[in-house]
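Just below is one structure, and these are the notes that go with it.
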Amino acid sequence: MVARVIYNKEVLPTYYLLGLGYGGRTAPSPGQFYMLKVNRGIDPFLRRPFGAYRVIRPDNGEDAVEILYKVVGKGTMLMSELCPGDGVDLLGPLGRGFHLHGGRGKHIMVAGGVGIVPFYILAERLICQEAGRAVLLFGGRGKEDLPGLGDFGKLGLVVKVATDNGEVGRRCLVTELLADEITGDSVVYACGPKGMLREVAGIAAEKNVPCYVSLDRVMACGVGACLGCAVRVALPPSYAEHEEGRMDVQPYKMVCRDGPVFDSREIEWDKL
Amino acid sequence: MVARVIYNKEVLPTYYLLGLGYGGRTAPSPGQFYMLKVNRGIDPFLRRPFGAYRVIRPDNGEDAVEILYKVVGKGTMLMSELCPGDGVDLLGPLGRGFHLHGGRGKHIMVAGGVGIVPFYILAERLICQEAGRAVLLFGGRGKEDLPGLGDFGKLGLVVKVATDNGEVGRRCLVTELLADEITGDSVVYACGPKGMLREVAGIAAEKNVPCYVSLDRVMACGVGACLGCAVRVALPPSYAEHEEGRMDVQPYKMVCRDGPVFDSREIEWDKL
Amino acid sequence: MGQAIGDVTVPDLSVDIAGIKLVNPVMTASGTFGYGEEFAPYVDLNGLGAVVVKGISLQPKPGNPTPRIVETAAGMLNSIGLQNIGVERFVEEKLPFLSGFGTRVIVNFFGDSIDEYRELAAVLDGADGISALEMNISCPNKEEGWLEFGTRPELTYRVVNEIKKRLRLPLIVKLSPNVTDITTIARAAEDGGADALSLINTLSGMAVDIETRRARLANVIGGLSGPAIKPVALKMVWQVFNAVKLPVIGIGGIMTYEDALEFMMVGASAVQVGTANFIDPEVSIKIVEGMKEYLVNKCILRIRDLVGVLESEYD
Amino acid sequence: MGQAIGDVTVPDLSVDIAGIKLVNPVMTASGTFGYGEEFAPYVDLNGLGAVVVKGISLQPKPGNPTPRIVETAAGMLNSIGLQNIGVERFVEEKLPFLSGFGTRVIVNFFGDSIDEYRELAAVLDGADGISALEMNISCPNKEEGWLEFGTRPELTYRVVNEIKKRLRLPLIVKLSPNVTDITTIARAAEDGGADALSLINTLSGMAVDIETRRARLANVIGGLSGPAIKPVALKMVWQVFNAVKLPVIGIGGIMTYEDALEFMMVGASAVQVGTANFIDPEVSIKIVEGMKEYLVNKCILRIRDLVGVLESEYD
Ligand SMILES: Cc1cc2nc3c(=O)[nH]c(=O)nc-3n(C[C@H](O)[C@H](O)[C@H](O)COP(=O)(O)OP(=O)(O)OC[C@H]3O[C@@H](n4cnc5c(N)ncnc54)[C@H](O)[C@@H]3O)c2cc1C
Ligand SMILES: Cc1cc2nc3c(=O)[nH]c(=O)nc-3n(C[C@H](O)[C@H](O)[C@H](O)COP(=O)(O)OP(=O)(O)OC[C@H]3O[C@@H](n4cnc5c(N)ncnc54)[C@H](O)[C@@H]3O)c2cc1C
Ligand SMILES: Cc1cc2nc3c(=O)[nH]c(=O)nc-3n(C[C@H](O)[C@H](O)[C@H](O)COP(=O)(O)O)c2cc1C
Ligand SMILES: Cc1cc2nc3c(=O)[nH]c(=O)nc-3n(C[C@H](O)[C@H](O)[C@H](O)COP(=O)(O)O)c2cc1C
Ligand code: FES
Ligand code: FES
């Protein structure tokens, strides 16, 4: 499934926005991702996973599914060199995204850096479903680490920013914003670095509110076949005696197929 | 030694002319070549050998060494996508080119397709040294298989063309042109497909005139270190008894270092 | 298929392996195609010669700690640790889906003792919808100090012989490349009664993260697959083809129909496509198409006429 | 070098191998750097830890028929056939040039019988300007039905022992990766008296041209080198490091300083850069520079402190 590049622009240093011809594809649900093969040939060898950032339907021009990405290595470096008209092989949308808790209380999205990606579509859905209050907490090192920030302003949700250097928003960690923001009727959605997710999960657990995290693992197939992207899950205590004897309950789930979004209580955070 | 691409243009279908920033490099002698690394990364893995076609010194603008190439596989396909400003890693000029027989008789250059490459610089030298009459015999499948033909007209030497389909010049093999052209005071220089070279060598041997051929082998190092580009040479009869006992005379020469140009009598044509 | 004999525009891609007929010689390799269902949305399973499922054991296996995969130059390392749902759930939950297609189902299986292999083979032998078994012998044998069954001819002979003598289904034995001389293992499997051999399994390898100073795989050592290993695989298939009478299935780094034909020319009667499925789910179908075109262009009537045609003398 | 002790801006890159000191741990691998002179116009040989020359035999060898090399995915196959000018001309014509540099000269050598190894080693032992010998045991032994010396522990032990007991120069034994268990060979070489081990030599492989239906190498089988084999090499270096007390030299697919450090972390005291020289003649110097920078950035004083630091437990 080859998609054409419509645009590929640097939105911040090392952050790019790639528009791919949408052409009547299945719409991605919030948190779903694509496996992209950005290069011909075998260097790099594997596909790379990228979340669906937005689907744009301009009045004129071609519909685009947008990939918002950060250049971190060989594959993303090659991606940054894609030009309009180039082909990109796209598999997806894949995986299970965020479960929408309709109506209930306060919806808090916690994003770290490029972890912002799944929240545009999620925010759209939350707003469209009038699902209570929606808040985005967005953390980064500085103002150049907050890709897409401008896009969220237009959506009309509450956006609070934390930066390490205080350039934008509060000078603190995004988890500190969460600690202030969280209420007993909150639902938390998080995407970002492992350390941040663990912290977020801890805060949510303390308040005993639902928390969904999107995990990042190296992937090969993206469809649950290779069993490479495993994460260790905490078996619910009820299973422990009854089922483990049968060795039948799998202690691993696949990020690509069972996730990338998981209930934070499911994850064995120490083994991540 | 990274050279900048100044231009890279399709001169005929599948034939390209690549101008690389010359920057005070050693001038290539006729028949010498460069090892080019056209891609970053490891696909394709090895450098590729390409002859020096011309060195252009425009009145204004940057000096360029020109590579004239045909797209035949992965490496040359990637080359064809190079844009002005891109870097190309260049090793060379390498190897031993054509030995110039000053003054003597008729100099016949026989080129097949992209085998034209070494003859531009050779023709320049021959003309500049007023080394007798210089003739270029150029063969190809049709008019789209005669890259650089126009360039030679300007040099003011005799050019005769043979094509398989008769579109340009005579409808015959270039070796038939040679059979007509060759005289007892000729020196023959040839570059092209293996079959053509063998034929040319035979015609020259019949007339008992010197003949130099430029050979094409897959190369890895280009500098005589890997011993990969070996060709079997015919040991001169005088060596046979005296030296072979010592196993000291090497039956292989390296195209990259001892060639790519060889005296045609040196080559074991059956083993090529 | 039922093509007119001699019609070069409809070449015959079918091959026989271990007494079963495949519509074409292209199968998906074990562990790279799940239980078929994972790829079913992206590939027409009916277009495949066979699907070889992820290795099955008697009991479910949780698999290795993570990380389990890492990319390498022209390949990848995996240490999945043979995670699988166990034979019981496989037969109940996965087999019915796969049997619904026109493609052959080959079940890859393994154990850590001869008893386990035997018990497992018996269960699979009784199940419906399986065309053949593929026995993975790149597994440590707990009865022999955890030596791998596939690295000693005696062990290979014994395990193959014990399983084969009770088996109804054809038995393919899958060889490990991590040996000094693969022909001795191949002959041991042949003597033990194998109906066909498949090779190669992954090469042992590792990778290090110099920032953390740790192996990139939690299990430290993993199996290398992909184009990087193709030259090694080809050489071993050629050696084994010349050493045994059994049909050979070629595996290792196949990405294109050209790769597949290289394997067939050195002696493989069929091939398996592994890691390439991750790069392009439709790769196996494209390989079948490419083969067909190649045969048409060369006016070759039957793909099996290409098996082992390598001219081994150089002029 | 003579750096101030404890000055982190001038890290100590020197290493000891087999009793000789190298200014840095980066050597060029045998067969990929000729006799040094071929690359001298492009590289400052003084910047290298050592140059390991193309394998030398007692008599000159013509080498294999052509074609001899073919590109593969992330690597290449070669069947040069150990072409070389013989020890006599080597000592007369090549050694004086190389000895003119500040770098160590290590001479790779091979034979097809213990006698030939012995005679050759004696000649080299008497020559000036050689720092150590590297013994290639991936060679068929005509006295033992052409089995390779490096594939049987008994043969390895015997040939190493016979050579070592008469040798003045340090002896590095270079191991073949085409074996079931490289640690048994490594231990045999250690028992035989080797001063160091280097690994890996090339993996056996082949490639086919489907148009001509011939092997792409005239010799059919060749040796695979380059990044493709790095995972296999790393794993074997790690295994051998854990099995013997000798210093180990890591070889296989090294293209960058990161690759080199991976080898050092799994236990290599030094490394050799092979095929990468063909891609970039200056690669070894760049690797030395990269190592230096890495040490400075991490405030590590001595490169040898990184040898074998792999944390083998995963949290
Ligand atoms: C479900 C999912 C969704 C993602 N969505 C996005 C997104 O929308 N935007 C974005 O910029 N990034 C996203 N990522 C991360 C992205 O996949 C990696 O940054 C990318 O694969 C790196 O490729 P590279 O070749 O540039 O880096 P490499 O050269 O391969 O490695 C550079 C660094 O990236 C890490 N990395 C490499 N491959 C992967 C991989 N497959 N998965 C995770 N980390 C990897 C390496 O460990 C290394 O630290 C997502 C990852 C997952 C699992
Ligand atoms: C001394 C010398 C000078 C040359 N000069 C020129 C030139 O000026 N212009 C030009 O167009 N070509 C020239 N060639 C040939 C050129 O090197 C090959 O066409 C090129 O390497 C093919 O690379 P590829 O990746 O596109 O093809 P590949 O995909 O590697 O292979 C395609 C075809 O090219 C052949 N081939 C691959 N590598 C080489 C190689 N290293 N040498 C020879 N053949 C190869 C293969 O056998 C195959 O048939 C020269 C070759 C030599 C040895
Ligand atoms: C992720 C992964 C899992 C694998 N699991 C199995 C397995 O369960 N049983 C088995 O016999 N081989 C297994 N293999 C090996 C493949 O079937 C195949 O032999 C090997 O990958 C070489 O082929 P390739 O290079 O085409 O991938 C696995 C390979 C990979 C990459
Ligand atoms: C063209 C070529 C020639 C080689 N010749 C020799 C040799 O004469 N003796 C030897 O011990 N190893 C030889 N080798 C093996 C290399 O020294 C090295 O062990 C191997 O290539 C793996 O390293 P690399 O991947 O960095 O190339 C040769 C390798 C190549 C590519
Ligand atoms: S990436 Fe293959 S199972 Fe998830
Ligand atoms: S290409 Fe290495 S010797 Fe000629």
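These numbers were taken from a predicted model, which means no experiment stands behind them. Basis for what follows: all heavy atoms, side chains included, without hydrogens, waters or symmetry-related copies. Throughout, a chain's letter reflects where its sequence line sits, starting with A, and its residues are numbered from 1.
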Query raised in the report: Going through the distances and angles, do C/M206 and D/V237 end up as a side chain to side chain contact (heavy atoms under 4.5 Å, CB included)?
Result: CA-CA 10 Å; C/M206 76 184 276; D/V237 169; over 6 Å; no
**Report entry** Main-chain N/O of D/V208 paired with C/E262 side-chain donor or acceptor, under 3.5 Å
**Finding:**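 Yes; judged by distance alone, with no hydrogens or angles, the pair exists.
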[X] versus chain C, the contacting section by heavy-atom distance below 4.5 Å:
X      : result
D/Y294 : side chain
D/L261 : both
D/T72  : side chain

With rounding to the nearest 0.5 Å, note down the distance linking [atom1] in [X] to [atom2] in [Y].
X      : Y      : atom1 : atom2 : answer
D/M264 : C/R213 : CE    : CZ    : 11.5 Å
D/N178 : C/N178 : CG    : CG    : 10.5 Å
C/E258 : D/D209 : CD    : CG    : 10.5 Å

Query raised in the report: Can you tell me if D/T180 and C/T180 form a side-chain donor-acceptor pair at under 3.5 Å?
Result: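 The criterion, which ignores hydrogens and geometry beyond distance, is satisfied for C/T180 and D/T180.
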**Report entry** Max heavy-atom pair count under 4.5 Å with chain D, selected residue of C/G205, C/G75, C/A74
**Finding:**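 Highest number of pairs under 4.5 Å: C/G205.
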Report task. Identify the two heavy atoms, one from C/L224 and one from D/P231, that lie closest to each other, and give their separation to 0.1 Å. Result ->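 Heavy atoms only, the tightest pair is CD1-CG, 3.9 Å.
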Query raised in the report: Which heavy-atom pair separates C/A207 from D/L234 by the least distance, and what is that distance?
Result: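 In this case the closest contact between C/A207 and D/L234 is CA-CD1, 3.9 Å.
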Query raised in the report: Can you tell if the side chain of D/M265 reaches within under 4.5 Å of the side chain of C/I210, non-hydrogen atoms only?
Result: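 Yes; the side chains approach each other to less than 4.5 Å.
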Query raised in the report: Among D/V309, D/I229, D/L203, which has the most heavy-atom pairs under 4.5 Å with chain C?
Result: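 Of the options given, most contacts go to D/V309.
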